[in-house]
Amino acid sequence: MFRSRVLSVVRRIPAGRVATYGDVAATAGNARASRAVGNIMRDCRSHDVPCHRVVAAGGRLGGYGGNLELKRGLLRAEGVVVIGNAIRDFKTRRWVRATRTRHGDV
DNA sequence: CTGCTGACTGGTA
DNA sequence: GTACCAGCCAGCA
């Protein structure tokens, strides 16, 4: 199920790092399912999945069920510099699947 | 099966 | 920079 796969991907996002819905969708199997991913995230209230580490493209926070400030706080707490509704150095903060990166992703 | 929804994305104005 | 539009996808009624 796409949903389970998405949750797995999000779960693999290391703290202090963020991934876009598109990246998650791509890792899940469909790079175009970014929208569906967001839809799934909406239903993901489990703390097993750091949905707050999932952001929109361009480094924008995206949304968080209305508690966007909470998402911002969590990200900042993990070391992510958030400015307004965007992430500072997003390109360097962006996490991309570490399926085969046993070198340690920076 | 058809239609609607939405934490998306990229493009255009 | 912001605002609007069209495309694309999974989930649900």
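Below, all heavy atoms of this structure are taken into account, side chains as well, without hydrogens, waters or symmetry copies. A, B, ... follow the sequence lines: proteins, then strands. Residue 1 opens every chain.
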How would nucleotides 4-13 of chain B be written as a contact map, 5' to 3', with B for base contact, S for sugar-phosphate-only contact and - for no contact, using protein heavy atoms under 4.0 Å? -BBBBSS---
Could you tell me whether A/R17 and A/E78 make a salt bridge, using a distance below 4.0 angstrom between a side-chain N and a carboxylate O? no
Under-4.0 Å salt bridge between A/R94 and A/D23: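 The answer is yes: the pair qualifies as a salt bridge.
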A/V55 and A/F90, any side-chain heavy atoms less than 4.5 Å apart: yes
With a 4.5 Å heavy-atom cut-off, do A/L75 and A/R72 have their side chains touching? no
Reported CZ-to-CG distance for the pair A/R5 and A/N30, which is rounded to 0.5 angstrom: 8.0 Å
For C/dA3, the Watson-Crick or wobble counterpart (both distances under 3.5 Å):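 Base partner found: B/dT12.
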Whole angstrom value for the distance that separates P of C/dA10 from CG of A/L7: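 Answer to the nearest Å: 15 Å.
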